[in-house]
Number of protein chains: 2
Amino acid sequence: MHGVMEAHAPAGSSSRDADGTTEPGTEQRIFDAALHVFSNKGQDGARMQEIADHAKINRALLHYYFRSKAQLYEAVFAHGFEQFVSGLTPSLREERGFEETLGTFVRGYIDYLHGHQEMARLMLNECLCGGPVLTSYLERAKENPEGFPALVMEDRIRAAVAAGEVRPIDSEQTMLTIVSACIFPFVALPTVRIFHPEVEDDFDAFVEERKRHVVDLLLRGLRPDDTGAAP
Amino acid sequence: MHGVMEAHAPAGSSSRDADGTTEPGTEQRIFDAALHVFSNKGQDGARMQEIADHAKINRALLHYYFRSKAQLYEAVFAHGFEQFVSGLTPSLREERGFEETLGTFVRGYIDYLHGHQEMARLMLNECLCGGPVLTSYLERAKENPEGFPALVMEDRIRAAVAAGEVRPIDSEQTMLTIVSACIFPFVALPTVRIFHPEVEDDFDAFVEERKRHVVDLLLRGLRPDDTGAAP
DNA sequence: ATATCGTTTAACTGTTTTGTTAAACTAAAC
DNA sequence: GTTTAGTTTAACAAAACAGTTAAACGATAT
């Protein structure tokens, strides 16, 4: 950072309106605007002017907060990545039976993605580009795997296999399938929209249905042969 | 196209070497180079110079073949899209039992993606950007849905549900899950690589394992309760 | 042999975009 | 009231890049 001490606008990055409604401060607006533009256009397709417009400021002020586009991108990504990891961790806090653990994880994952579609697209974009930025963050996340939701869940699957709670499947492959089933629908939206326009009419309902479907299909697919259906 | 008649280089877009090895002609090299660069950098991040370098020609000749970057992108996309649809259709030609149909489709899908990862990334990239180009192609594909693999497969699922061959699940959601499970692993590669480096050592083995896993999990997840396991 | 056309070289135009800078304005803080 | 720092305006420099053009070269087909 560089010396932005906020005398004019209050320090907490958000100013309290007369109505009591808290509206975001400049820095937060920049983050939001940058995420919006970056996620749709990518790092190269994004224009500083467009980001400034969305944040309702001008380019000069944008550069006053962030020296360069690359730096802004990094900041936005870091912000989102942190939020992503910390947003999913709590869903794995409580230890119960595997079926409940998996259900909670999938529902939490899809809910999170639903509320942060732009961040999801940004990270996907990084994946497609070979992800130099994403990679460096993942390398750091690898240091303490217990803080990384997908790895924790993968361990839970491994444990469930060992305990005979689920069929003897490859936990790595299974984890990949779970993540796929959660993330991909949000990416594929432009495609799905064309063939199933009704999805967009009630997107929330679609997401709810998605949660039910994924959990149901996975549990059925993983359940051992000898297990009865009724609880 | 514009008047490229190929007098110097043979017409068939590929020249036969003295050794008998057929090496691609200029236009084909441009396609390959453009696909490679576009898929990694996106339409905006791609540089005409880089594409020319990869095709081992210069920018002037590149513009001689394709007037503009946008036109080149369109051409590459069209080429890949056509190939994508026609490459998957045959796997749905023969009608047999549902389980075999699904297995063949999934294996064919994953095999195709394995052999065309760059095209897969290109199409994903389109999805992320709201996909104006992809959208227009899908709109056209909607005209004759029987030629579009994913829609055909979705119908097969619907029919299998009606026939009681599989559980009464939502065929649209199921199709989404299938596509997710096939495509996503290739996108997630940069991520998977970090946590599971062994994948890259023998990628072919990973893909084979992936096919088995997906087919197995799906069939188990879709099978009706009253069906025995042995054939 | 000559016209043809793919190909190269090299220079140039023009636009877009980033990033910088200086000056003036504004509202809060002291 | 003066200071402070966020904010605007406007103009600018510099780089990157797309796209064009003209001249020359080389292999091929006729």
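In what follows, chains are A, B, ... by sequence order, proteins preceding strands, each numbered from 1.
Partners of A:E118 under the side-chain hydrogen bond (donor to acceptor under 3.5 Å, both in side chains) rule, at least two apart in sequence or in another chain, do not exist in this structure.
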Below 3.5 Å between N/O atoms, which protein atoms pair up with nucleotides 17-20 of chain C? Just atom names and distances, please.
from: C:dT17; atom 1: OP1; to: A:R47; atom 2: NE; distance (Å): 3.2
from: C:dT18; atom 1: OP1; to: A:M48; atom 2: N; distance (Å): 3.0
from: C:dG19; atom 1: OP2; to: A:K69; atom 2: N; distance (Å): 3.0
from: C:dG19; atom 1: N7; to: A:R59; atom 2: NH2; distance (Å): 3.2
from: C:dG19; atom 1: O6; to: A:R59; atom 2: NH2; distance (Å): 2.7

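A ring pair (Phe, Tyr, Trp, His ring centres under 6.0 Å) with A:H79 is found for exactly one of A:F84, A:F31, A:F38, namely A:F31. In summary, of the residues considered (B:V179, B:V214, B:T104), a side chain to side chain contact (heavy atoms under 4.5 Å, CB included) with B:Y109 occurs for B:V179 alone.
Between the C1' atom of D:dA18 and the OH atom of B:Y73 lies a distance of 18 Å, rounded to the nearest Å. Rounded to whole angstrom, the span from the CG atom of B:L61 across to the C1' atom of C:dT9 amounts to 12 Å. Going from atom CD1 of B:I51 over to atom P of D:dA16 covers 18 Å, rounded to whole Å. We find that CZ of B:F66 is positioned 13 Å from P of C:dG6, with the value rounded to whole Å. Summarising the geometry, the separation between NZ on B:K41 and C1' on D:dC17 is reported as 14 Å, rounded to the nearest angstrom. Between the P atom of D:dA18 and the CG atom of B:L72 lies a distance of 11 Å, rounded to the nearest Å. For the pair A:I57 CD1 and C:dT26 P, the interatomic distance rounds to 19 Å; values are reported in whole Å. Going from atom CG of B:L62 over to atom P of D:dT20 covers 12 Å, rounded to whole Å.
Residue A:Y64 places no side-chain N or O under 4.0 Å from the OP1 or OP2 atom of D:dT7. Applying the 4.0 Å criterion to OP1 and OP2 of D:dG6, one finds that A:T26 has every side-chain N and O outside that range.
Aromatic rings from A:Y73 and A:F66 are positioned such that their centres are separated by 6.0 Å or more.
Taking the six-membered ring where the residue is Trp, A:Y137 and A:F81 present tilted rings, their angle falling between 30° and 60°.
Between B:E143 and B:R140 there is no salt bridge, since none of the side-chain N atoms of the basic residue sits less than 4.0 Å from a carboxylate O of the acidic one. The pair A:R158-A:D155 counts as a salt bridge, with a side-chain nitrogen and a carboxylate oxygen less than 4.0 angstrom apart. Salt bridge A:R212/A:E209: present, at least one basic N to carboxylate O contact under 4.0 Å. Under the 4.0 Å criterion applied to side-chain N and carboxylate O atoms, B:E208 and B:K211 are assigned as salt-bridge partners.
Overall bending of the helix from C:dA1-D:dT30 to C:dC30-D:dG1, expressed as the angle between end axes built from five pairs apiece, is 10° (10° steps).
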